[in-house]
Amino acid sequence: MTEVTAQSESSALFDRAERVIPGGVNSPVRAMGAVGAEPIFIERGRGAEIFDVDGRSYLDYVSSWGPLILGHAHPAVVEAVTKAAARGTSYGAPTEAEVLLAEAVVERVPSIEMVRLVSSGTEAVMTALRLARAATGRDLVVKFAGGYHGHVDGMLAESGSGLATQGIPASPGVTRAQAAGTIVVAWNDFDGFDATMEQRGGEIAAVIAEPVPANMGVVPAREGFLRHLRELSRRAGALLVLDEVITGFRVARGGAQEQLGIEPDLTVLGKVLGGGLPLAAVGGPVTMMESLAPVGEVYQAGTLSGNPLATAAGLATLGLLDEQAYARLGETTARLAAGLADGAAVAGVPVHVQSRCGLLTVFFTAEPVETYEDAKRADRDAYARFFRAMLERGVYLPPSPFEAWFPGLAHSHADVDRTLEAAAAAFATLGE
Ligand SMILES: *Cc1c(COP(=O)(O)O)cnc(C)c1O
């Protein structure tokens, strides 16, 4: 007997997508191959939920990979974007909203006196590194294994995120010179960092780090590690660039630098800053930022930079992020993290749940994860099975063990309860 199963709309779209888009996706992290599934095509979102083209709904913890701290289609953001769009979508000339957004960033982030707005985190990182090279007259950049800084050529070595998920150590197509311009040090490795600075300190333009790395899963710094990076880079005459594309406006109002008391030379922002539209920024002290054209000679530009729709979404989003919002988000994250750890313990599944306000990863290992190597030792197959069991129960998690979950302000107490119920059942299936 032949069983006739109607193909789902999602699967039909994926078939078509694969013919005209490499892998059917416009960013590799959206593929679900690593967890043994096919991408789900989304029709719409509302609050903490997304709805697929087959009419199924999911509680969403991907949150567009970080930007949607207020949830999907937040009325304030939709209204701001709609109003902006009705006035015109782009002018290639300055607008008031760019000034307001720059002022909002400067007011919130301690080390930033000036910002240049761009359209993606990748561009912002590229600009920060160009600025650092120009300011120091040096070429080398130190990054940490498992740290992701966008798809800038020189930053693709051991960069976690989508490359880790796909098992790509570094991308072909990066020139030898670009690869040689980057020194990779293990995260949380004081000795490794000291040795690098001792040997090459005089050639290093910048040390770049995510203050709370979240692209190999959430792997916070050991006590004193960020302060150590700050001191040694200063001593070597190198700049410290904090990549706060994820942590900015997520872990605290003024980003991780405010929370942890670390003052970088340059900061990279994105994701939450654009409220779900393409927007990112590089910021720092006036002296540094004024070396950018048209004041200085370091060139940087963008047709859609500071786009009216994106600045409107960013302003609407930042406007709702007060101290109370962060207190609530911290509480939601902590309850989720504790509940997940409990659920796993009850089912006898060894996990280590690592979290910060608005960020969380369940590592399927009994050991704490402090480095990229630790993250790679966690049980990926267990994560894949957990992912599928959660998806069946209507909870949409990042389709990779190397990514953060993004709880947001739209996740209610009841949503967390529902997630923990699903997780208890999903953990139970792993023992089977
Ligand atoms: C997402 C991300 C980037 C890149 O931002 P895009 O907007 O995707 O180019 C850079 N750094 C970190 C830490 C990120 O998480």
Side-chain angles (χ1 to χ4, degrees), residues 25-31 61-69 109 115-130 132 141 143-165 171 182 184 187 206-221 226 229 240-251 255-257 260 262 264 266-283 300 302 304-307 310 313-314 317 356 358-361 372 375 398 400 402-406:
V25 290
N26 280 312
S27 188
V29 296
R30 299 175 196 173
Y61 284 101
V62 173
S63 311
S64 184
W65 300 94
L68 299 182
I69 196 166
V109 186
V115 285
R116 171 63 52 89
L117 301 180
V118 297
S119 300
S120 74
T122 297
E123 273 180 86
V125 167
M126 197 173 74
T127 302
L129 298 181
R130 189 178 298 144
V141 175
K143 77 176 284 288
F144 295 90
Y148 179 67
H149 305 292
H151 56 102
V152 179
D153 285 302
M155 291 290 103
L156 286 177
E158 296 197 54
S159 56
S161 193
L163 288 95
T165 309
S171 176
T182 307
V184 182
W187 179 242
V207 174
I208 185 167
E210 296 177 64
V212 182
N215 282 292
M216 52 178 145
V218 177
V219 184
L226 287 167
L229 301 187
L240 178 64
V241 179
L242 284 188
D243 183 345
E244 296 227 43
V245 170
I246 280 182
T247 53
F249 315 111
R250 174 166 286 277
V251 299
Q257 59 188 268
L260 304 168
I262 303 293
L266 288 169
T267 300
V268 183
L269 298 163
K271 296 194 170 120
V272 171
L273 178 62
L277 273 86
L279 193 139
V282 53
Q300 184 282 333
L304 295 177
S305 290
N307 174 265
T317 300
R356 286 292 181 271
L359 292 170
L360 177 152
T361 297
Y372 190 32
S400 160
F402 297 104
E403 303 280 5
W405 308 16
F406 293 101

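Indexing begins at 1, ligand by ligand and atom by atom, following the structure's order. In what follows, every heavy atom counts, from backbone to side chain, and hydrogens, waters and symmetry copies are set aside.
- Within ligand 1, the atoms closer than 4.0 Å to a non-hydrogen atom of Asp243 are 10 (C), 11 (N), 12 (C), 13 (C), numbered from 1 in the order shown.
- Within the listing of ligand 1, atoms 13 (C) sit less than 4.0 angstrom from a heavy atom of Glu210.
- Under a 3.5 Å cut-off, the side chain of Thr361 and the backbone N or O of Glu403 do form a donor-acceptor pair.
- For ligand 1, one of its N or O atoms has an N or O atom of Tyr148 under 3.5 Å away.
- A pairwise comparison of heavy atoms in Val241 and Ala206 identifies CG2-CB, 4.0 Å as the closest pair.
- Atoms of ligand 1 lying under 4.0 Å from at least one heavy atom of Asn215, given by number and element, are 12 (C), 13 (C), 14 (C), 15 (O).
- By the 4.0 Å heavy-atom criterion, Lys271 is counted among the residues contacting ligand 1.
- Panel note: side chain Ser171, backbone Leu156; no donor-acceptor pair is recorded below 3.5 Å.
- For ligand 1, the atoms lying closer than 4.0 Å to a non-hydrogen atom of Ile246 are 15 (O).
- Heavy-atom proximity to Gly150, at under 4.0 Å, picks out these atoms of ligand 1: 3 (C), 4 (C), 10 (C).
- Protein heavy atoms are absent from the space less than 4.0 angstrom from atom 8 (O) of ligand 1.
- Within the listing of ligand 1, atoms 4 (C), 5 (O), 6 (P), 7 (O), 9 (O) sit less than 4.0 angstrom from a heavy atom of Gly121.
- In summary, the side chains of Arg116 and Gln300 do present a donor paired with an acceptor at a separation below 3.5 Å, with no hydrogens or angles considered.
- The shortest distance between side-chain heavy atoms of Trp65 and Ile246 does not fall below 4.5 Å.
- Considering backbone and side-chain atoms together, Thr122 places an N or O closer than 3.5 Å to an N or O of ligand 1.
- Relative orientation of the Trp187 and Phe144 rings is perpendicular, given thresholds of 30° and 60° on the angle between their planes.
- Between the side chain of Glu244 and the backbone N or O of Ala256, at least one donor-acceptor pair lies under 3.5 Å.
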